[in-house]
Amino acid sequence: MEAVDVVEHDRQGDYGDEGGGHAVQCDRGPPGWGSGGRSRAMVASRRLAVRRRLSLPAMRLSQLFFTTLRDDPSEAEMPSHRLLLRAGYVRQLGSGIYSLLPLGKRVNDRVEQVIREEQDRIGGQEMEMPVVHPADVWRASGRYDAIGPELGRFKDRNGRDMVLAMTHEEVVALLLADVVRSHRQLPMQVYHFQTKWRDEPRARGGLIRVREFVMKDAYSCDRDDAGLDASYWAQHGAYVRTFQRLGLDTIAVASDVGMMGGSQAHEFMVLNAAGEDVLVLCEACDYAANRQVAVIPREEPAAEEALPLEEVATPGTTTIASLAAFLEIGPERTAKAAFFVTGDGRLVTAIVRGDLEVNETKLVNAVSAVGGIRPATVEEIKAAGMEPGYGSPIGAHETVVVIDDLIARSPNLVAGANREGVHYRNVNAGRDYTADVTADLTNAQEGDPCPTCGAPVILRNGIEVGNIFKLGTKYSDAAGATYLGEDGQAHPIVMGSYGIGVGRNTACIVEAHHDAKGIIWPVEVAPYAAHLVSIGAAREPRVTEVAERLHSLAAEAGSRREILWDDRDESPGVKFTDAELLGMPWILTVSPRSLAAGGIEVTERATGDRSTRPITEVEDFLVSGVMPERDEAATASA
RNA sequence: CGGGGCGUGGCGCAGUCUGGUAGCGCACCAGUCUGGGGGACUGGUGGUCGUCGGUUCAAAUCCGGCCGCCCCGACCA
């Protein structure tokens with residue numbers, strides 16, 4: 001009944017043309033879709049569905065739910081945040097929580113559509129899984145306890161624990177257990193677009209890092225590792241095409257598997273100074289890795305005889321820099337201790353050479369820290385018999401000692417004596433203290449040798465716009481998702497998971513495509529292809545006539561282009577400024593001047609190129625979708 | 001969670017130090033003029049100054065609690 005009302009509403013008021021047009025179109029619709037034998041309500045909801053899909057191909061700015069802001073909102077710093085707010089695409093509801101206004105929704109839909117087409121192309125099947133899950137589903141995989149407060153939890157009315165999904169591996173695995181029986185059903189990929197809730201410790205950067213967001217997450221299901229490998233690289237290819245179409249230059253970097261678990265992962269990164277990840281890149285070859293996993297080949301320390309331990313007074317040298325200066329040695333001759341506490345309460349003492357930094361991701365992996373790690377407090381360090389500023393594992397107790405593999409090979413280092421103002425010379429791991437774990441623990445630094453070719457690497461910040469993971473059988477094992485192979489035996493389904501954050505991509509597109517005046521949407525994701533500006537309607541009635549005609553043409557069935565018509569009674573300056581802020585690829589100006597010059601002024605937003613085209617050419621553009629090449633003769637007077 | 005900043009009409013801000021009952025620009029409404037780069041004039045609308053409590057004759061202003069937002073560090077699409 002409600003649907004009927006909406007359709008009725010279409011027939012009157014300002015949207016008369018467009019609404020009516022759609023209704024007529026769907027009545028004619030594809031064979032079998034007509035009204036034969038169907039109730040009026042069903043027909044009406046069909047119409048509504050069609051209208052929703054077309055989503056107002058022509059819109060009057062005077063009716064659009066939006067507003068532009070003349071001043072930058074003070075909370076916005078990144079260009080994408082500022083512009084999306086100012087141009088009326090999004091509004092903030094809370095920290096990391098945003099509403100999409102109609103323009104923002106249209107962009108998001110376009111981005112989704114590109115992703116969808118590329119997922120479909122590699123055989124992905126779209127489905128949809130719930131946002132709210134019973135906690136038991138997450139207990140079964142172990143993540144209910146493994147993941148910290150970023151997992152949203154609540155109780156339903158009966159006191160049952162529930163989870164707000166941050167991803168969907170568990171649910172997919174359960175569905176696989178239910179649906180897949182035979183190897184003949186594999187390989188297979190499913191995906192959906194769904195809202196995720198991740199209670200991030202800190203939201204930031206507008207749409208770049210939010211707490212609630214829509215993600216495309218895809219899951220591949222294979223019989224074995226070889227199949228997974230094929231699916232993984234198919235997704236890799238789909239991602240390359242997707243980001244290319246979205247106008248994003250991405251770099252695929254090897255990455256940590258994080259909370260997903262699994263054996264191999266890549267992140268697709270967009271370079272951006274405000275990015276939260278540090279990428280290690282080689283310009284000589286194409287090596288690219290997240291700093292979290294980049295392993296740098298370190299120069300082998302010179303072999304030396306282990307010398308006897310020797311105490312040395314080093315007053316006031318609580319930093320490596322001051323210690324090295326005091327003893328007149330290089331920082332690489334010292335061992336640095338860093339103290340952390342794991343989520344499960346273990347004190348971890350990490351030892352790296354003084355000239356290097358501890359990479360916390362590597363450390364977490366080295367000690368299999370459940371719930372991550374945090375820096376230890378002074379009290380915690382002292383309780384284990386160590387002295388901050390003069391700390392080392394020598395004489396320490398109740399701590400997990402993790403040393404960098406380079407430390408294991410570096411003889412006669414200077415390290416703390418766990419007494420204020422005292423260090424030891426000639427400390428040797430293994431002789432003077434024992435390591436519980438030896439692993440690569442250090443951060444790559446600018447200029448370090450490339451692991452592949454040895455040239456100096458560079459460090460850049462990046463924003464992760466997508467990732468691909470080889471999961472293996474972790475979730476299928478937990479869910480009992482198996483198939484019967486040709487051998488008649490049950491085998492676990494081998495899974496992969498592949499995510500793309502929709503809103504973050506939108507923000508990154510703006511980051512990459514804007515200028516001082518506003519957004520410059522790539523054609524593929526622009527909410528409307530063209531922004532029609534009508535000027536001087538009061539002096540020249542033909543202006544409105546022409547604008548109306550273009551507007552209704554765009555609204556008609558069969559038109560390939562969608563337009564936004566600025567029909568407001570505003571001065572030309574306001575209209576042009578807003579058009580540039582909003583960022584449609586083409587700005588079409590109808591005015592007494594343009595009509596006198598022979599038609600409509602067409603401006604390409606990206607280049608600023610301007611030409612006057614005959615009205616028929618612009619009409620062709622709306623119908624065919626192609627803007628004809630610029631005709632120099634017609635341009636002369638512009 | 002640690003550090004820094006902020007909260008006054010839709011947006012940007014002043015006023016807070018030195019208490020005296022709220023102001024500016026833009027936006028918005030009405031009208032007139034204007035009409036190719038955020039135009040002009042006239043007249044208007046709109047704020048329990050984040051919130052709760054305290055001090056005081058009197059609190060946006062001083063004191064305390066709480067809430068929220070932004071930025072910098074530990075997590076991820």
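Remember, predicted model here, so these are calculated numbers, not experimental data. Protein chains get the first letters and strands the later ones, always in sequence-line order, with residue 1 at the start of each.
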When we call it a touch if two heavy atoms are under 4.0 Å apart, what does Glu200(A) touch: a base, just sugar-phosphate, or nothing?
-> base
For Glu360(A), report the nucleic acid contact type (base, sugar-phosphate, nothing); a contact means any heavy atom under 4.0 Å.
-> sugar-phosphate
In whole angstrom, what separates Leu85(A)'s CG from A27(B)'s P?
-> 19 Å
Paired nucleotide for A30(B) [Watson-Crick or G-U wobble; both distances under 3.5 Å] | U42(B)
Give Arg539(A) one of three labels, base, sugar-phosphate or nothing, depending on what nucleic acid heavy atoms sit under 4.0 Å from its own.
-> sugar-phosphate
Select base, sugar-phosphate, or nothing to describe what Asp199(A) touches, counting heavy atoms under 4.0 Å on all strands.
-> nothing
Which part of the nucleic acid, if any, lies within reach of Ile373(A) when heavy atoms closer than 4.0 Å are counted: base, sugar-phosphate only, or nothing?
-> sugar-phosphate
Name of the residue among Phe268(A), Phe243(A), Tyr191(A) meeting side-chain contact (heavy atoms from CB on, under 4.5 Å) with Ile500(A) = Phe243(A)
Between His133(A) and His168(A), what is the ring plane arrangement, given parallel below 30°, perpendicular above 60°, and tilted in between?
-> perpendicular
Assess the side chains of His192(A) and Tyr219(A): does a donor N or O sit below 3.5 Å from an acceptor N or O?
-> no
Just name whichever nucleotide pairs with G7(B), Watson-Crick or G-U, keeping both distances under 3.5 Å, else none.
-> C67(B)
For Asp217(A), which contact category applies under a 4.0 Å heavy-atom criterion: base, sugar-phosphate, or nothing?
-> nothing
Are OP1 or OP2 of G73(B) and a side-chain N or O of Arg204(A) less than 4.0 angstrom apart?
-> yes
Considering heavy-atom distances to RNA chain B, does Arg202(A) or Gln292(A) have its closest nucleotide positioned more toward the 5' end?
-> Arg202(A)
Which one is paired to C62(B), where only Watson-Crick or G-U wobble pairs with both distances under 3.5 angstrom count?
-> G54(B)
Watson-Crick or G-U counterpart of G2(B), or none if no pair lies under 3.5 Å | C72(B)
Provide the Watson-Crick or G-U wobble partner of G47(B), both distances under 3.5 Å; none if there is no partner.
-> none
Quick one: the side chain of Asp72(A) and the base of G12(B), do they pair up donor-acceptor inside 3.5 Å?
-> no
Is it true that Trp586(A) and Tyr528(A) have ring centroids separated by less than 6.0 Å?
-> no
Sugar-phosphate only, base, or nothing, as touched by Ser95(A) at under 4.0 Å among non-hydrogen atoms = sugar-phosphate
For Phe576(A) and G36(B), is the gap between ring centres under 5.5 Å while the planes differ by less than 30°?
-> no
Does the G38(B) base have a donor-acceptor partner in the side chain of Glu570(A) within less than 3.5 Å?
-> no
Return the 5'-most residue of the pair His81(A), Leu581(A) with respect to RNA chain B, ranking by each residue's nearest nucleotide.
-> Leu581(A)
Within the structure shown, what part of the strands sits under 4.0 Å from Arg70(A) by heavy-atom distance: base, sugar-phosphate, or nothing?
-> base
Scan Ser594(A) against the nucleic acid and name what it touches under 4.0 Å (heavy atoms): base, sugar-phosphate only, or nothing.
-> base
Which part of the nucleic acid, if any, lies within contact of Gly206(A), taking any heavy atom under 4.0 Å across all strands shown: a base, the sugar-phosphate backbone alone, or nothing?
-> nothing
Can you tell me the Watson-Crick or wobble partner of G37(B), both distances under 3.5 angstrom?
-> none
Can you label the angle between the Trp233(A) ring and the His236(A) ring as parallel, tilted or perpendicular, going by 30° and 60°?
-> tilted
Give a yes or no on whether a donor-acceptor pair under 3.5 Å exists between the nucleobase atoms of G37(B), that is its base, and the side chain of Arg610(A).
-> yes
Using a cut-off of 4.0 Å on non-hydrogen atoms, how would the nucleic acid contact of Ala579(A) be classed: base, sugar-phosphate, or nothing?
-> nothing
Which part of the nucleic acid, if any, lies within contact of Gly503(A), taking any heavy atom under 4.0 Å across all strands shown: a base, the sugar-phosphate backbone alone, or nothing?
-> nothing
Residues Thr349(A), Thr399(A); criterion side chain to side chain donor-acceptor pair (under 3.5 Å); working and verdict | CA-CA 6 Å; Thr349(A) 303; Thr399(A) 180; 2.8 Å; yes
How would you label the contact of Gly573(A) with the nucleic acid (heavy atoms, under 4.0 Å): base, sugar-phosphate, or nothing?
-> sugar-phosphate
Find the partner of C24(B): check Watson-Crick (N1-N3 plus N6-O4 or O6-N4) and G-U wobble (N1-O2, O6-N3) distances, both under 3.5 Å, and reply none if neither fits.
-> G12(B)
For Gln292(A) and Asp256(A), what are the C-alpha separation, side-chain angles and deciding distance, and is it a side chain to side chain donor-acceptor pair (under 3.5 Å)?
-> CA-CA 6 Å; Gln292(A) 295 173 336; Asp256(A) 186 54; 5.7 Å; no
Can a side chain N or O of Ser74(A) be found less than 4.0 Å away from OP1 or OP2 on C13(B)?
-> yes
